Number of protein chains: 2
Amino acid sequence: MIVKKTYKDQVIDHIYQLILTDELQPGDQVKESLLAVQMGISRAPIREALKELMTIGLVEYRPQIGNFIPILTPKQIIDSYTTRGVLEGYAVMIAGEMFSAEDLAQLDRYVDEMGTAARAGQHKEVVDIGGDFHDFLAAHTDNLQLLEYTNRLSLKLHVLFYKHWGLLYKPDEIEQRHRAIVDSIRSRDKAGIEQVIRAHYVETGTKIATVQAARSETAA
Amino acid sequence: MIVKKTYKDQVIDHIYQLILTDELQPGDQVKESLLAVQMGISRAPIREALKELMTIGLVEYRPQIGNFIPILTPKQIIDSYTTRGVLEGYAVMIAGEMFSAEDLAQLDRYVDEMGTAARAGQHKEVVDIGGDFHDFLAAHTDNLQLLEYTNRLSLKLHVLFYKHWGLLYKPDEIEQRHRAIVDSIRSRDKAGIEQVIRAHYVETGTKIATVQAARSETAA
DNA sequence: CAGGTGTCTAATGTCGACATTCGACGAATG
DNA sequence: CATTCGTCGAATGTCGACATTAGACACCTG
């Protein structure tokens, strides 16, 4: 196992956990001094970590005021998913011929597992396999610039909305939607690939936005 | 005029200048202590600035070693331009109907000025107007996530390749290429808009990559 | 009572010093 | 001669303290 060397990396992991466990909620300020005391280190590595999280979009920086967990409006959520769809759609379209028969078989396996887990009500597995599926897709591009942005968005959306994903899919639907992506790749229909992936993310984003809006409604 | 309040912002501007004037060249390490002494401040704001430049991609960070001005291979240059084309292409396509008659007239004016400046050999003006043209396009999206990435790429490519842009266009060609973009928007042909803009950036990236490759050839 | 003002607090911004680590150089070894 | 290992310098990583600023609250003023 790889040991984290610098405090900065530990801080990043720690903040991930705080967000995933709702100890840090959207709108909360991430106070450097407080974290420093809690972790028994100085503020310097905390600031380093916050800058990195800023790059991804997991914290929002306001000069002279501090770092905050972003409150995303429904539109912003949809926009972020849409952007990911645009990037992944292009990446997969360009990589179209790069997907070998084995790759397609692997994708089919992902979809099978996803469907099985979904019907068994194993939400966490469904989300994890879905993540693997899309990472597998994006990783087939040789455009590293595009991959960098795709990964940043993927990570941001994953951390911020992981807890909602279990609520919003219907087992058969999620399997069918991902199967459609694999089929479009198999058909080598470039324009089709791009459209299917874009549509997938727009729909996912719309659902997440709805769920999230409903939550803040009940919370208020 | 707005005065820069924090040292960090001054450092960022300073590094921009160092890159534009070739005092910092691709491959060079940006040494914190050196900059701190030169600017008469401590290393803390230098580090802040470097983290922000990292976000844009203007410096490359290697843990425990330092920050370096990236050396981009021809492929990476093309990939970065391509990615910008994908993002801007989608942004403009979606914003298609948002462009009013006045907007289109403004775009035409940009293209006219660009052609005039190009034929007069005023390279700097051509580049600046081109920048305004594309910023005007991108700014018409209401997808802020997409705009954020577009702006980051725009800034990175601008700073790193500003000095090459004067060498690579033919006056009539540059006018014609941008006119094609305006025409495609005017025609309200969504798919056409996206394709024209993507093609524009792929071609621009390819040219820049060629020029840059030729330069490092003669330098070696 | 409303509006502006001053003060106070808690957070970020910056500093200089020390700790740690990477990479280069050169000596010891087979 | 090639290889390994230890040392050293210079750079980043981290620290604790101080400077500065945004925002809240009480106070003054009309």
Side-chain angles (χ1 to χ4, degrees), chain A residues 1-19 22-71 148, chain B residues 1-19 22-71 148:
Chain A
M1 150 147 189
I2 300 172
V3 250
K4 295 299 171 76
K5 284 187 182 176
T6 61
Y7 283 145
K8 180 188 76 174
D9 293 327
Q10 297 180 29
V11 175
I12 291 179
D13 286 347
H14 187 63
I15 295 181
Y16 283 162
Q17 289 309 314
L18 292 179
I19 296 178
D22 279 333
E23 291 170 74
L24 274 176
Q25 296 189 5
D28 285 353
Q29 181 169 5
V30 187
K31 294 172 190 170
E32 300 171 0
S33 319
L34 183 58
L35 266 183
V37 171
Q38 287 175 347
M39 299 189 67
I41 59 178
S42 82
R43 280 173 51 216
I46 309 281
R47 289 176 71 86
E48 301 284 316
L50 287 172
K51 296 295 176 194
E52 192 157 328
L53 293 171
M54 208 178 83
T55 300
I56 301 169
L58 271 181
V59 306
E60 228 173 52
Y61 168 69
R62 302 181 212 166
Q64 305 283 9
I65 299 177
N67 295 275
F68 298 80
I69 309 297
I71 300 176
E148 181 184 327
Chain B
M1 150 131 192
I2 301 171
V3 247
K4 295 299 171 73
K5 284 185 179 174
T6 61
Y7 283 146
K8 180 188 76 173
D9 293 327
Q10 297 179 28
V11 174
I12 291 179
D13 286 347
H14 186 64
I15 295 180
Y16 283 162
Q17 289 310 314
L18 292 179
I19 296 178
D22 280 333
E23 290 170 76
L24 275 177
Q25 296 189 7
D28 285 353
Q29 182 168 5
V30 187
K31 294 172 190 170
E32 299 171 0
S33 319
L34 183 59
L35 265 183
V37 172
Q38 287 175 346
M39 299 188 66
I41 59 180
S42 82
R43 279 173 52 215
I46 309 280
R47 287 176 73 86
E48 300 283 318
L50 286 173
K51 295 296 176 193
E52 193 157 327
L53 293 171
M54 208 178 84
T55 301
I56 302 169
L58 271 181
V59 305
E60 227 173 54
Y61 169 69
R62 302 181 211 165
Q64 306 282 9
I65 300 178
N67 294 276
F68 298 80
I69 308 298
I71 300 178
E148 182 184 327

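Computed from a prediction, not measured in an experiment: that's the story for all the values here. Note on naming: letters A, B, ... go to the chains in the order of the sequence lines (proteins, then strands), and numbering restarts at 1 for each one.
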*Would you mind classifying the nucleic acid contact of A:Val30 as base, sugar-phosphate or nothing, using non-hydrogen atoms under 4.0 angstrom?*
sugar-phosphate

*Counting only non-hydrogen atoms, which of residues 48-56 of chain A are less than 4.0 Å from DNA chain D?*
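Within residues 48-56 of chain A, no residue comes under 4.0 Å of DNA chain D.
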
*Which ones in residues 31-45 of chain A lie close to DNA chain D, meaning a heavy atom under 4.0 Å from one of its atoms?*
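Heavy-atom contacts with DNA chain D come from A:Ile41, A:Ser42, A:Arg43, A:Ala44, A:Pro45.
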
_All side-chain hydrogen bond (donor to acceptor under 3.5 Å, both in side chains) counterparts of B:Glu148, not counting sequence neighbours_ =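 B:Glu148: side-chain hydrogen bond (donor to acceptor under 3.5 Å, both in side chains) contacts with B:Arg152.
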
*Would you name the heavy atoms of A:Gln29 and A:Leu24 that are closest together and state the gap between them?*
O-CD2, 4.3 Å

_Nearest non-hydrogen partners of A:Pro70 and A:Val59, listed with the distance_ =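 Heavy atoms only, the tightest pair is CD-CA, 4.1 Å.
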
*Can you pull the contact range of chain B along DNA chain C, 5' to 3', using atoms under 4.0 angstrom from its heavy atoms?*
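Nucleotide range in contact with chain B: C:dT14 to C:dG23.
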
*asked:* The criterion is salt bridge (charged side-chain N to carboxylate O under 4.0 Å, His left out); which residues satisfy it with A:Lys31, sequence neighbours excluded?
replied: none

To the nearest 0.5 Å, tell me how far [X] [atom1] sits from [Y] [atom2].
| X | Y | atom1 | atom2 | result |
| --- | --- | --- | --- | --- |
| A:His14 | A:Ile12 | NE2 | CD1 | 12.5 Å |
| B:Gln17 | B:Glu23 | CD | CD | 9.0 Å |
| B:Ile19 | B:Ile69 | CD1 | CD1 | 4.0 Å |

If you restrict it to nitrogen or oxygen atoms, what contacts under 3.5 Å exist between nucleotides 21-24 of chain D and the protein, and what is each distance?
none

Give the table of side-chain donor-acceptor pairs shorter than 3.5 Å for residues 35-48 of chain A, with sequence neighbours excluded, one pair per line with atom names and distance.
unit_1: A:Ser42; atom_1: OG; unit_2: A:Ala44; atom_2: N; d: 3.3
unit_1: A:Arg43; atom_1: NE; unit_2: A:Glu32; atom_2: OE1; d: 3.1
unit_1: A:Arg43; atom_1: NH2; unit_2: A:Glu32; atom_2: OE1; d: 3.0
unit_1: A:Arg47; atom_1: NE; unit_2: B:Glu48; atom_2: OE2; d: 3.1
unit_1: A:Arg47; atom_1: NH1; unit_2: A:Glu32; atom_2: OE1; d: 3.2
unit_1: A:Arg47; atom_1: NH1; unit_2: A:Glu32; atom_2: OE2; d: 2.9
unit_1: A:Arg47; atom_1: NH2; unit_2: B:Glu48; atom_2: OE1; d: 3.3
unit_1: A:Arg47; atom_1: NH2; unit_2: B:Glu48; atom_2: OE2; d: 3.2
unit_1: A:Glu48; atom_1: OE1; unit_2: B:Arg47; atom_2: NH2; d: 3.2
unit_1: A:Glu48; atom_1: OE1; unit_2: B:Lys51; atom_2: NZ; d: 3.0
unit_1: A:Glu48; atom_1: OE2; unit_2: B:Arg47; atom_2: NE; d: 3.1
unit_1: A:Glu48; atom_1: OE2; unit_2: B:Arg47; atom_2: NH2; d: 3.3

*What pairs of residues pass the side-chain hydrogen bond (donor to acceptor under 3.5 Å, both in side chains) test when at least one of them lies in residues 53-68 of chain A, not counting sequence neighbours?*
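Of all non-adjacent pairs touching residues 53-68 of chain A, those that pass side-chain hydrogen bond (donor to acceptor under 3.5 Å, both in side chains) are A:Thr55-B:Thr55.
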
*Which angle, rounded to 10°, do you find between the first-five-pair axis and the last-five-pair axis of the helix from C:dC1-D:dG30 to C:dG30-D:dC1?*
10°

